[in-house]
Undergrad: 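Okay, here's the structure, questions in a sec.
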2 protein chains.
Amino acid sequence: MKSEKITSLSGGHEGKQRRSYDDACGAAHALDLVGERWALLVMRELFWGPKRFSDIRAGLPGISANVLTQRLEGLEEAGIVTRRKLPPPASMQVYELTEWGRESEPIFQALGRWAVRSPKHDPSMPLSTSSFLLSLRTMIDAKRAKGLKARIGLCLAEETFMAVLEGGEITIKPGPLKKPDLTLTGEARMLAGAVYGGQLAALEAGGQISVEGDKALAERFVTLFPLPAKAG
Amino acid sequence: MKSEKITSLSGGHEGKQRRSYDDACGAAHALDLVGERWALLVMRELFWGPKRFSDIRAGLPGISANVLTQRLEGLEEAGIVTRRKLPPPASMQVYELTEWGRESEPIFQALGRWAVRSPKHDPSMPLSTSSFLLSLRTMIDAKRAKGLKARIGLCLAEETFMAVLEGGEITIKPGPLKKPDLTLTGEARMLAGAVYGGQLAALEAGGQISVEGDKALAERFVTLFPLPAKAG
DNA sequence: CTGTATCCGTGTTGATACTG
DNA sequence: CAGTATCAACACGGATACAG
């Protein structure tokens, strides 16, 4: 009878045992931490600030409540997510990434850069706000963006973000931006169509997105995110 | 009755249906492709050249034959792995990564760099040859290695690899190296102890690894791979 | 010897309904 | 809104049997 390959990652704590790869390889350990179904996507939804249970769920069509509960517990146990109760007036619970959790961004970038080259990738599926913002930071071409300095407001589904272009990088924070050079408004999928599908003019004409401010900047902005060639 | 969220990724082909996240996000698509248990680790085992079924299994303690068969089928279907039959004399089947499959290396690097900072990472577990080689390319500090040019033979568990240090990078290929500056021999876990645990001298003295050639180079080599600080 | 297929016990996942 | 309970379907891992 062989040993059961069930190593407790919870350190003595009498909670449920987790399946482990029992492998010293860093990548294998990463999968022990975030390799379960939905785990990485839950983290993705938390990248741009704390969220409530239901708001996380809204960005993850298909996840069920019990699975989200389990993933949040697991991520909290691993030190990737913390849960916080806002002070009494609002008195509600939110989840947010720890600092280390936020430092997982390169994982998403590597996954995204590689997978969009898949012959099977279908960009017409639903896209959450969080995914879209992450994709901008993933796909920006530093060479093309170098020398461009701009402050851009992004309004997606009732949420507002400030994007700052500088030194070939784009940084994004939640919240409104004062006196932006440009404001883009629309659903994530539509803005993705403008940025990745070259449909800026058509989508604006069709009213699916709105472009306020420096139109020339908008035209240039959407050229900064080239998609890599498909594999195969 | 809701739709079943079972989207065929196999395009009309009447094979098994796969569970999909139905999400345009690149990272989500990556998980559709390689998010199943063991999939990434199977890829890891194929990074340094074609392997047979049993050799893959040897690097993955805990995987069962039927699961490995399923993963290889899935990876082949996704265009990540191909199966090839060697010509009649040897007449056996091997699996290898496609070019696109090999380009997934940054995913392993991002996962590894992030996860070794986990408070729960235990480097004393088994380590496959493939993992160790991948870790060298992941952890090398370009600044420290810059200006160092060397050819190093690595002999791990009956397999030989050639590592070439140049321009702050290390490239690794299977096969023996003619007239290396240095040859390191030992099990992956022991060599890892030398490189990451600062145990070069002790392990050599204990006979667990052997160092042939330029000893000063060996001393310097093991300082090129600093581990990042733990999180939390 | 190298894989593949099938059976089976168990654990994980997900849809629905339900509770504080 | 934020989860819990329940149950059915599926995936996993072990064993074994089979095919080239």
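Just so we're clear, the structure is a prediction, and the values are computed from it rather than from any experiment. Chain letters run A, B, ... following the sequence lines, proteins first, then strands; residues in each count from 1.
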Undergrad: What nucleotide, of C:dG3, D:dG13, D:dA2, holds the atom closest to the side chain of B:V67?
TA: D:dG13
Undergrad: Round to a whole Å and report the spacing from CG of B:L68 to P of D:dC12.
TA: 12 Å
Undergrad: Does the plane of the ring in B:W100 sit parallel, tilted or perpendicular to the ring in A:W114? Use 30° and 60° as the thresholds.
TA: parallel
Undergrad: Is the backbone of A:L177 close enough, under 3.5 Å, to the side chain of A:R151 for a donor and an acceptor to pair up by distance?
TA: no
Undergrad: Please verify the inter-ring angle class for A:Y21 with B:W38; under 30° counts as parallel, over 60° as perpendicular, anything in between as tilted.
TA: perpendicular
Undergrad: Test salt bridge (Lys or Arg N to Asp or Glu O under 4.0 Å) on B:R44 and B:E105; report intermediate values, then the result.
TA: CA-CA 9 Å; B:R44 178 191 80 186; B:E105 192 185 7; over 6 Å; no
Undergrad: Between C:dT13 atom C1' and A:L60 atom CG, what is the distance in whole Å?
TA: 15 Å
Undergrad: Is the shortest side-chain N/O distance from B:R83 to OP1 or OP2 of C:dT4 below 4.0 Å?
TA: yes
Undergrad: Hey, does the side chain of A:Y21 come within less than 4.0 Å of D:dG13's phosphate (OP1/OP2), counting only N and O?
TA: no
Undergrad: Without decimals, in angstroms, what is the distance between A:R71 CZ and D:dA2 C1'?
TA: 18 Å
Undergrad: Looking only at the side chain of A:R52 (C-beta and beyond, no hydrogens), which of the listed nucleotides C:dA15, D:dC12, D:dC1 gets closest?
TA: D:dC1
Undergrad: B:M43 and side-chain contact (heavy atoms from CB on, under 4.5 Å): which single residue from B:I107, B:V34, B:I56 fits?
TA: B:V34
Undergrad: Does B:N66 contact D:dG14 through a side-chain donor or acceptor facing the base, at a distance under 3.5 Å?
TA: yes
Undergrad: In this structure, how many angstroms lie between the C1' atom of C:dG3 and the CD atom of B:Q70, rounded?
TA: 14 Å
Undergrad: Taking any heavy-atom pair under 4.0 Å as a contact, classify A:R57: base, sugar-phosphate, or nothing.
TA: nothing
Undergrad: Atom CD of B:E36 and atom P of D:dC10: how far apart are they, to the nearest Å?
TA: 14 Å
Undergrad: Does D:dG13 have OP1 or OP2 under 4.0 Å away from a side-chain N or O of B:R37?
TA: yes
Undergrad: Tell me: CZ of B:F53 to C1' of C:dG3, nearest whole Å?
TA: 6 Å
Undergrad: Does B:W38 make a side-chain N or O approach to OP1 or OP2 of D:dG13 shorter than 4.0 Å?
TA: yes
Undergrad: From C:dG14, D:dG13, D:dT4, pick the nucleotide closest to the side chain of B:R19?
TA: C:dG14
Undergrad: For B:E73 and C:dA5, give me the distance from atom CD to atom P, rounded to whole Å.
TA: 7 Å
Undergrad: Students often get this wrong, so: under 4.0 angstrom with heavy atoms, is A:S54 touching a base, only sugar-phosphate, or nothing?
TA: sugar-phosphate
Undergrad: Taking CD1 from A:I63 and C1' from C:dT12, how many angstroms apart are they, rounded to a whole number?
TA: 14 Å
Undergrad: Between D:dC12, D:dA2, C:dG3, spot the one nearest the side chain of B:Q93, thanks.
TA: C:dG3
